[in-house]
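Here the structure is a predicted model, which means the values were calculated and not measured. All chains are named by letter (A, B, ...) in the order of the sequence lines, taking the proteins before the strands, and each is independently numbered beginning at 1. Values below: every heavy atom of this structure, side chains too, minus hydrogens, waters and symmetry copies.
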Amino acid sequence: MSIGLDCQNDLSDSIQKLNPKSKLFVLREAPQTLFPKLFKAWNVTHLVFERDTDAYARGRDLVVTELAKKAGVEVITRYGRTLWDSDEVVAKHGGKPTMSITQLQAAGNAVGDIPKPIPAPAHLPDPGDMPLDFEQDKPTTAGFDDLNAPHRSGGDNGDNTYRAGIAGMSGDFAVETLEELGFPAAAATTPHRGGETIALGKLDAIMADAEYTATFRKPQTSPAAFEPQSTTLLSPALHFGALSPRLFYWRARTVVDAYRGKGGPSKPPESLTGQLLFRDMYFAAQAAVGAPFTQTLGNAHCRFIPWHLPSKITATATTADEEAGAVDAAASNTSPYDVDSAQAERWFRRWAGGTTGFPFVDALMRQLRREGWIHHLGRHLVACFLTRGGCYVHWERGADVFAELLLDHEPACNAGNWQWLSCAAFYSQYYRVYSPVAFGKKWDPRGDLIRRYVPELAALDARYIYEPWKAPGKALEEAGVRVVGDGLGEGEEKGEGGTYPEPMFDFAERRGACLAAMKAAYSVGLHGDDERARDGTWRELFEQAGQTEMQGNFDDAGDDDGEHADDAEHEVRRGKHGRGMSDTIREGPMDRHVKRLKI
DNA sequence: AAATGAGTTGCTGAG
DNA sequence: TCTCAGCAACTCATT
């Protein structure tokens, strides 16, 4: 099962219902190389597509539009990924990124009313002839760090997509199958399914509950609820285009406007429509900032904070890069990083693998890895923990992991939220720190989420389930678990043999160290576009501020496990951290790759 | 123009 | 069970 394939199959079925001769015709080749051949072979007169504001997509769309022009093909574009057209929002906001919900609302209102969704077509014309008298070009894959490769089976990574020919294994332009992509069907562990039919059904069910819809307040929804979840779980549908955000918005507005319950409906930003506004805020912010939005360097709106494990900067943005578009973007390295501290690297690996020794953090990270979705507030906790509230690891590391694992991954929302939680941008109250113990307890005193996703602790008394290292020997014995190990071993600390790792640090101590470091970073006040952030002279400023917790300052005294930063560095590439990577099937690798550019 | 209040989502402990 | 001050103190919008 795979949400992406669900969506394509469902769309194809819907098209076929309108015209049995038609369906979704899938061609296995990058548009940059395919379209010029197709324009000619199929006598194409019009090319219609939806614009997209992600850095990769902008480059691709530019190339495709240029190719169409050259071939005399008329290009028609539409935009419906957000409530308002993000570029229009930016224009109304003076070309600047929308950095708060008030700014987004003001700029959006200046653009005008949120467009009403248009109905699906009632009929479709027959498809024309589709001759394939041309060669297939495989995309360049040199140096391409394919996130899905470890999940494939069979030789050559098991990817048959481009060997099957342009029209697929049966030559009928069918939607690709998991088999064709090289995935054993059992590899996908997510219970979440996709497709427009399911999404619209869910939307109907949610809207039918007027009380839930009209009084929805995000901060009041539980991050620990899993059956059912406390929020709509429609974000993957928005991501895959199976649900229009404008349809969602106007359906919700209708319910809200009609609501006469006591206390009245909830309002943005906490309400359901408010959640869609936040999405627009991040999209518009990215539309204004461009490619540097997903990184610190070159981003004037993102604070420079000398976190551990900074991204290596390997590429320089050039016109040639832009013109090369998708193929080369995908071929570039994906976010390698410097291991400035072996300890931070171990913390990062344990965080990513769900073996930090803090059960609520581990439960969430394992839920994310297995199912591809966790509640927004759960994302808050684990993001705060990795960055300003524990590990002091760069938010770009966390964003990379989320990009890989999330079914609802949007580059703009992901980068924006990581900046928010790390207090690098959008949010600045860094002294509000989530506790890996208290936060979960507040929502889930019995520890049901932990029992579900950290089964080795399932039988532990609720009094100790958030802090098993404090449990008396008797309680642990009764629960059949030993608290032992560093969470990076090859088996015993993952739960086999009834063990659970020790906490990887004293949280109160780390909280204090991080707070002091954040205070220093705020007083220094550099941003990503500052020359000193790039040339290394930032270090003097932080030393003057009396700060020691920072990038490049080794905190590994007393380390005796033989792992040194220099050794670790060579192994560290995205997709290799943590363990148990064979989980959720990831969709569409193109938009998962984040290039950290030298600006 | 300086001051004030608000900001989707912190934690702890007292009353 | 709930509310609130204290913790230490950021940025933005409004007045």
Side-chain angles (χ1 to χ4, degrees), chain A residues 93-94 96-110 213-225 229-232 235 252 256 264-282 285 300-305 358 360-361 364 374-390 413 416-445 466-467 506-527 545:
Chain A
H93 196 53
K96 297 192 302 290
T98 45
M99 300 303 286
S100 71
I101 199 66
T102 7
Q103 290 176 0
L104 179 277
Q105 284 173 298
N109 290 336
T213 299
T215 64
F216 182 96
R217 296 176 66 194
K218 188 61 160 279
Q220 313 289 326
T221 59
S222 170
Q229 287 89 355
S230 61
T231 48
T232 68
S235 53
V256 164
S266 56
K267 295 191 295 292
E270 294 188 331
S271 65
L272 220 40
T273 54
Q275 305 312 302
L276 291 166
L277 293 172
F278 274 111
R279 192 170 165 276
D280 264 51
M281 177 186 81
Y282 289 131
H301 300 270
C302 180
R303 280 180 188 280
F304 171 79
I305 298 170
F358 293 95
F360 195 63
V361 173
L364 289 164
I374 54 177
H375 185 280
H376 186 62
L377 292 182
R379 301 181 195 195
H380 272 216
L381 173 73
V382 299
C384 179
F385 184 84
L386 181 69
T387 57
R388 67 183 168 85
C413 298
N417 276 314
W418 273 93
Q419 288 170 44
W420 182 300
L421 266 301
S422 65
C423 288
F426 297 100
Y427 188 73
S428 51
Q429 289 164 272
Y430 58 78
Y431 40 83
R432 292 189 179 170
V433 179
Y434 290 89
S435 158
V437 173
F439 187 67
K441 259 186 196 169
K442 185 171 71 185
W443 295 102
D444 179 16
Y466 283 90
E467 300 167 282
D506 179 314
F507 173 69
E509 197 178 285
R510 287 301 306 163
R511 180 183 182 277
C514 287
L515 271 171
M518 290 300 291
K519 186 176 174 173
Y522 267 64
S523 72
V524 169
L526 297 184
H527 285 76

Practice problem: Name the nucleic acid region contacted by W443(A), choosing base, sugar-phosphate or nothing; use a 4.0 angstrom heavy-atom cut-off, strictly under. | Solution: nothing
Self-check item: Pair partner, dC10(C) [Watson-Crick or wobble, under 3.5 Å]
Solution: dG7(B)
Quiz item: Tell me: CD of Q103(A) to P of dA13(C), nearest whole Å?
Solution: 5 Å
Quiz prompt | First-last contacting nucleotides on DNA chain B - partner chain A, under 4.0 angstrom, heavy atom | solution = dG7(B) to dT12(B)
Practice problem: Check step by step if side chain to side chain donor-acceptor pair (under 3.5 Å) holds for S222(A) and H375(A). | Solution: CA-CA 8 Å; S222(A) 170; H375(A) 185 280; over 6 Å; no
Quiz item: Side chains of F426(A) and M281(A): does their closest heavy-atom pair fall under 4.5 Å?
Solution: yes
Exercise. For I101(A), answer base if it contacts any base atom (sugar-phosphate contacts may also be present), sugar-phosphate if it contacts only those atoms, and nothing otherwise; contact means non-hydrogen atoms under 4.0 Å.
Key: sugar-phosphate
Self-check item: Whole angstrom value for the distance that separates C1' of dA13(C) from CE of M99(A)
Solution: 16 Å
Exercise. Scan F278(A) against the nucleic acid and name what it touches under 4.0 Å (heavy atoms): base, sugar-phosphate only, or nothing.
Key: base
Exercise. Scan Y431(A) against the nucleic acid and name what it touches under 4.0 Å (heavy atoms): base, sugar-phosphate only, or nothing.
Key: base
Exercise. Could you tell me which nucleotide pairs with dA5(C) by Watson-Crick or G-U wobble geometry, both distances under 3.5 Å, or answer none if nothing does?
Key: dT12(B)
Quiz item: Is P219(A) close to E270(A) at the side-chain level, that is, under 4.5 Å between some pair of heavy atoms?
Solution: yes
Practice problem: State, to 0.1 Å, how close L381(A) and F439(A) come at their nearest heavy-atom pair, and which atoms those are. | Solution: CB-CD2, 4.0 Å
Quiz item: If you measure from the C1' atom in dA9(C) to the same atom in dA6(B), how many Å do you get, rounded?
Solution: 14 Å
Quiz item: Phosphate oxygens OP1/OP2 of dA9(C): is one of them under 4.0 Å from a side-chain N or O of K519(A)?
Solution: yes
Return a table of donor-acceptor pairs under 3.5 angstrom between the side chains of residues 517-524 of chain A and protein atoms on other chains or two or more places apart.
unit_1: Y522(A); atom_1: OH; unit_2: C423(A); atom_2: O; d: 2.7
unit_1: S523(A); atom_1: OG; unit_2: A520(A); atom_2: O; d: 2.8

Self-check item: Non-hydrogen side-chain atoms of F507(A) and V437(A) separated by less than 4.5 Å
Solution: no
Quiz prompt | Span that lies between the C1' atom of dT8(B) and that of dA5(C), in whole angstrom | solution = 23 Å
Practice problem: Write down the atom of V433(A), the atom of G389(A), and the distance for their closest heavy-atom approach. | Solution: CG1-CA, 3.8 Å
